[in-house]
Each structure stands twice: as structure tokens, then as C-alpha cells.
Amino acid sequence: MSSGGLELPPGDPGHEGGSGEVPSGAVSLARPVETGAQIGPELDWGADAWSEVRTRAQRAGRAYIWLNLVEQRLRAVVAAVLRPVYEPVHGEDWVVAAAGPAGQEWVQRAVAVREVSRRKGYLLDPADDNVLSFLTLPQLRELMVQHWPCFEPYFDDRRAVELALDELEVTRNVVSRNRALSQAVLSQAERASAVLLEMLGAGSDVPSARRLRVDAVEDLVGDRYADVVGVHPDRVRLLRQFPAEDLFGGARRLDAIGIGLNLLVQNFSGRRLVRLAEEGSRVRLLFLNPASSAVKRRERELGLKRGELSRSVEMNILHMRRVRARLRDPGAFEIQVYDETPRFTAYLVDGDGADGVAVVQSYLRRTRGMEAPVLVLRGGGRVVRGEGPGENGLFETYREEFELAWADSRPVS
């Protein structure tokens, strides 16, 4: 008899005191499952399932970073504007006072969560031991709306701020509940976050952001990838996301090395190049000599007819010479050729300063330039620097290679 008044079933037959019969009213215990027996559904994940959860995690991670940046910035703005108004009178309870009767429920909830976090040791940073740190994005927004006259001097358009926060609310709910986030909603959240951070005065301080926007993930963990900020399977996909006008437009300096420099010659008009040069840009173009043996070897590698590649390079050089001939100062537009084996093509925009951006492709034996993988690099050192001294990335390596090749090349008259 058990302590609860129920009988346990007897042991196996053959044991002392055992019996093959189960007395009436006894509780039947589950027998051990034989080794190797299958219970319930299959628990293993297949390749498709793993691919799906990884995609979900990647999207949710990106969205969380953007939301975290926005929430921290908005919290700082609210504190900077409202603390001087309420703290002199209400002290530590200035957030409760600012919430007022309309926000009594959610601000008291934040106070309660703060107290629980204190007791359980969840407050790891003393700077977070305040009610403001426990307010969510909608609650921070509510404080702004309630006290808009205090915020109005700092923002041009209240409606624009509210619309950006509205767009983030869907993403915030999805991420907080670990639900599936579509690429379209993630893209909308990233755009809204970038706009909102700009309005809140937290735009990127990386100079090249005017040409190549700093991504939230790059901003936080960019040092893991040196200065590589983009990888594209081929040039078509590069131009789809990063048009030639965005790359070359407004450049104060353009250095390019390759075989025929088709990315520049075929995708950026001669008229735009003339305008750039007339506005003070300095251009240096380094082509592979169309009469060199290296061109013939490259034709054989690609399976082209004899002279096909050399004629293409000649046409590109002639086109650039016509551009140069239209300039009042031809010295600002230099064209040279080299005879060595081509190893890569690189377009270095503003490579002499902190605002540099580069597009780099390696030459593959059987792959034409249009189909080769493309790296996009950001100059001026790493976006995020650790505690130690910063290290030069790939941008500087290719810039030095260009300078060496330029010094060994010959001018085109």
C-alpha cells in the first residue's frame, strides 16, 4: 500500500512475493520501453528545416539589432529632453511624473519589472537601474507624443517620426515573439530605422556612408570582416544593388586598374566623366596593353577568337581618349597601359581619404569579368575598432597594388 492509499502493482512473476495478477484498485505503472523502440514522432530536423530556422534567425537577428539601436537612441533623446523638466521637482520618479495619469498603468508595470530585476540580480549594469531603461519602444513613443511641444524644436516633422515608429511596430512584435519575419518586412524595418536614426541625430559618422550606407550589422561587427562590406556573385547583381552612378558619381578621385575597365566605360557615360573632371575630379585609368602577350593568353583562357579581347580593350581606350580630349585640363584625366599578367580589376573611388569605396574582382581562368565574384570594400580603416590599434584591411592592399602598377606602366598619348 502506498502512502496515498493506492496499491503498487506486483513485481514480475518468479520474484519473491510476486504474482501474475494485478489486484483490483492498484495503479498500473508504465513498463520500461525496450531498447531501440521508437516513441512518438521523428524529432530530427532535416536540411529544409535547418535552412528555414537559420533564415528566420538571420532575419530576426538583423531586425533586433536595428530595433535595439533605435530604442537606445530614443531612450537617450527622451531622457535628454524630459529629465531637465521633471527631475528638479520629482527626483528619481521623474519618469513616473512624465507619464502622468494617461501612462499610469504601463509606467507602474515598468517600476514593478525593475524591482523584480533588482531582487533577482538581472541588473548587470548600474546605468540600467532606472525606470526609463524598462520602457518599451511604444512607451517611449508615448512620452514623446504626450510632450511633443518639448520635442518640437528638435524635429522638423512629427508625422514622419510617428510613421517610422509605426513601421517598426510590426517588426518589434514579430521579433519579440520569435515569429517568422519576411524579407519584405525586414527591409521596411531597416529603412524605417535608418530614417528614424537620422531624424534622431544618430546618423552614421562614417564618411563613405554618403556613397555606401553603413549597415547596422556592419556598424556593430564590421571588424570581423576587415573592410569587406559586400560580396556579390557577379557584376550584374552588383550593379543591381549598387549602380555605377552611385559608385562613381561625385567622386573627387577615381583610380581604376584592369583589362578593359568595362564597369566604368560601359556603365558610366563619357559626358558624366567629362563633368566629373571639369568639377575637379582626378581620374587615373590603367588598362592592359591590347598589344601585349598577356591579352593573347587571356583570350586563350576564355576561349575567345584571336584579337577579340584586344579590339575590345582598344575601343575602350579610344573612348576614354575622346573623353580626355574634351577637357580643358587633360592632365586631370590620365590613361596608361601595363604589360604584366592581369591579376585583378579594381575601381578605387576617393581612395586617398577616409571616404573611399572600392569594387574589386579577381580574374578567374574560365570566367569573364561580368561573371566573376565582386567584393565591395570600404576605405578609411575599419568601421568598428576594438580596444587595440586598428589594422589595415583589403582596401589599402589593393590601393598599394594600384600605385605599384601605375609606377611601372606607360602613358597613352
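Being a predicted model, the structure only gives us computed values, none of them experimental.
Taking 4.5 Å as the limit, every side-chain heavy atom of P411 sits out of range of all side-chain heavy atoms of I335. Residues L273 and M320 form a side-chain contact, since some pair of their non-hydrogen atoms from C-beta on lies under 4.5 Å apart. Considering only heavy atoms from C-beta on, L186 stays 4.5 Å or farther from Q188 through its side chain. You'll find the side chain of W406 reaches within 4.5 Å of the side chain of E334, heavy atoms only. With contacts defined as side-chain heavy-atom distances shorter than 4.5 Å, the pair L285/V283 qualifies. For the pair V357/F242, a side-chain contact is recorded, criterion being any heavy-atom separation below 4.5 Å from C-beta on. Counting heavy atoms from C-beta on, the side chains of L135 and L143 come closer than 4.5 Å. Between L74 and M144, the closest side-chain pair of non-hydrogen atoms falls below 4.5 Å.
No donor-acceptor distance shorter than 3.5 angstrom exists from the side chain of N267 to the backbone of A244, with no hydrogens or angles considered. In this structure a side-chain-to-backbone donor-acceptor pair under 3.5 Å is missing from T171 to A189. In this structure a side-chain-to-backbone donor-acceptor pair under 3.5 Å is present from R73 to L200. No donor-acceptor pair closer than 3.5 Å links the side chain of E71 to the backbone N or O of N68. Listed for the R378 side chain is no donor-acceptor partner under 3.5 Å among the backbone atoms of G356. One N or O on the side chain of D227 and one on the backbone of L394 form a donor-acceptor pair closer than 3.5 Å. Judged purely by atom type and a 3.5 angstrom limit, N173 uses its side chain to pair as donor or acceptor with the backbone of E169.
Checked for salt-bridge contact, R368 and E371 miss the test: no charged N lies under 4.0 Å from a carboxylate O. Using a cutoff of 4.0 Å between basic side-chain nitrogens and carboxylate oxygens, R284 and E403 are scored as salt-bridged. The pair R119-E115 does not count as a salt bridge, with every side-chain nitrogen at least 4.0 angstrom from each carboxylate oxygen. With respect to D350 and R282, no salt bridge is recorded, no charged nitrogen being found less than 4.0 Å from a carboxylate O. Using a 4.0 Å cut-off between charged side-chain N and carboxylate O, E308 and K305 make no salt bridge. Salt bridge absent: E401 and R343 never bring a charged side-chain N and a carboxylate O closer than 4.0 Å.
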Go through it in stages, so that I can follow the logic: the residues are I257 and T345, the test is side chain to side chain contact (heavy atoms under 4.5 Å, CB included), and I'd like the CA-CA distance, side-chain angles, deciding distance and then a yes or no. CA-CA 5 Å; I257 177 174; T345 181; 5.9 Å; no
Report the C-alpha separation of E301 and R366 in whole Å, then their side-chain angles, then the decisive distance to 0.1 Å, and conclude whether the salt bridge (charged side-chain N to carboxylate O under 4.0 Å, His left out) test is met. CA-CA 6 Å; E301 284 182 349; R366 302 290 181 183; over 6 Å; no
Could you walk me through whether E278 and R328 satisfy the side chain to side chain contact (heavy atoms under 4.5 Å, CB included) test, starting with their C-alpha distance in whole Å, then the side-chain angles of each, then the deciding distance to 0.1 Å, before giving a yes or no? CA-CA 8 Å; E278 294 293 354; R328 290 190 298 270; 2.9 Å; yes
Evaluate R191 against E167 for salt bridge (charged side-chain N to carboxylate O under 4.0 Å, His left out), listing each step before the verdict. CA-CA 9 Å; R191 288 192 299 270; E167 291 181 351; over 6 Å; no
Check against side chain to side chain contact (heavy atoms under 4.5 Å, CB included), F287 and Y338: CA-CA 6 Å; F287 294 89; Y338 66 100; 5.8 Å; no
Residues K296, E299; criterion salt bridge (charged side-chain N to carboxylate O under 4.0 Å, His left out); working and verdict: CA-CA 5 Å; K296 298 179 177 60; E299 287 175 339; over 6 Å; no
The test is side chain to side chain donor-acceptor pair (under 3.5 Å); show your working for Q183 and S187 and say whether it passes. CA-CA 6 Å; Q183 183 59 50; S187 298; 3.2 Å; yes
So H232 and Q241, side chain to side chain contact (heavy atoms under 4.5 Å, CB included) or not? Walk me through it. CA-CA 9 Å; H232 303 271; Q241 298 184 26; 3.6 Å; yes
Check step by step if salt bridge (charged side-chain N to carboxylate O under 4.0 Å, His left out) holds for R252 and D352. CA-CA 10 Å; R252 67 174 182 277; D352 58 340; 3.7 Å; yes
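A pairwise comparison of heavy atoms in V295 and P290 identifies CG2-CA, 3.9 Å as the closest pair. When all heavy atoms are compared, the tightest approach of W106 to Q146 is CZ2-NE2, 4.3 Å. Across S182 and R59, no two heavy atoms sit closer than the pair CA-NH1, 3.9 Å. The two atoms that bring R298 and L364 nearest to each other are NH1-O, 2.8 Å, heavy atoms only. Pairing each heavy atom of E340 with each of L288, the nearest pair is O-CD1, 3.4 Å. Scanning all heavy atoms of the two residues, the minimum distance from F395 to G351 falls at CZ-CA, 3.6 Å.
Applying side chain to side chain contact (heavy atoms under 4.5 Å, CB included) to L239 and the options D234, L263, V374, D246 leaves one that passes, L263.
Interatomic distance, CZ of R300 versus CG of L309, reported as 12.0 Å (0.5 Å rounding). Between R56 atom CZ and N178 atom CG the span is 8.0 Å, to the nearest 0.5 Å. Here the straight-line distance linking atom CG of D339 with atom OG of S409 works out to 9.5 Å at 0.5 Å rounding. Expressed to the nearest 0.5 Å, how far CG of N289 lies from CZ of R410 amounts to 5.0 Å. Interatomic distance, L261 CG to L286 CG, rounded to the nearest 0.5 Å: 8.0 Å. L140 contributes atom CG, which lies 6.0 Å from atom CG of L132 (distance to the nearest 0.5 angstrom).
Remark: the S133 side chain and the R75 side chain contain no N/O donor-acceptor pair separated by less than 3.5 Å. Side-chain atoms of Q361 and R235 include a donor-acceptor pair closer than 3.5 Å. In this model, a donor atom of one side chain and an acceptor atom of the other lie less than 3.5 Å apart for E190 and W66. Side-chain contact annotation: S51 with D48, donor-acceptor N/O pair under 3.5 Å absent.
Ring pair H90/Y86 is tilted by interplanar angle, where 30° to 60° counts as tilted. Using cut-offs of 30° and 60° for the angle between ring planes, the F151 and F155 rings count as tilted.
Residues Y363 and F344 keep their aromatic ring centres 6.0 Å or farther apart.
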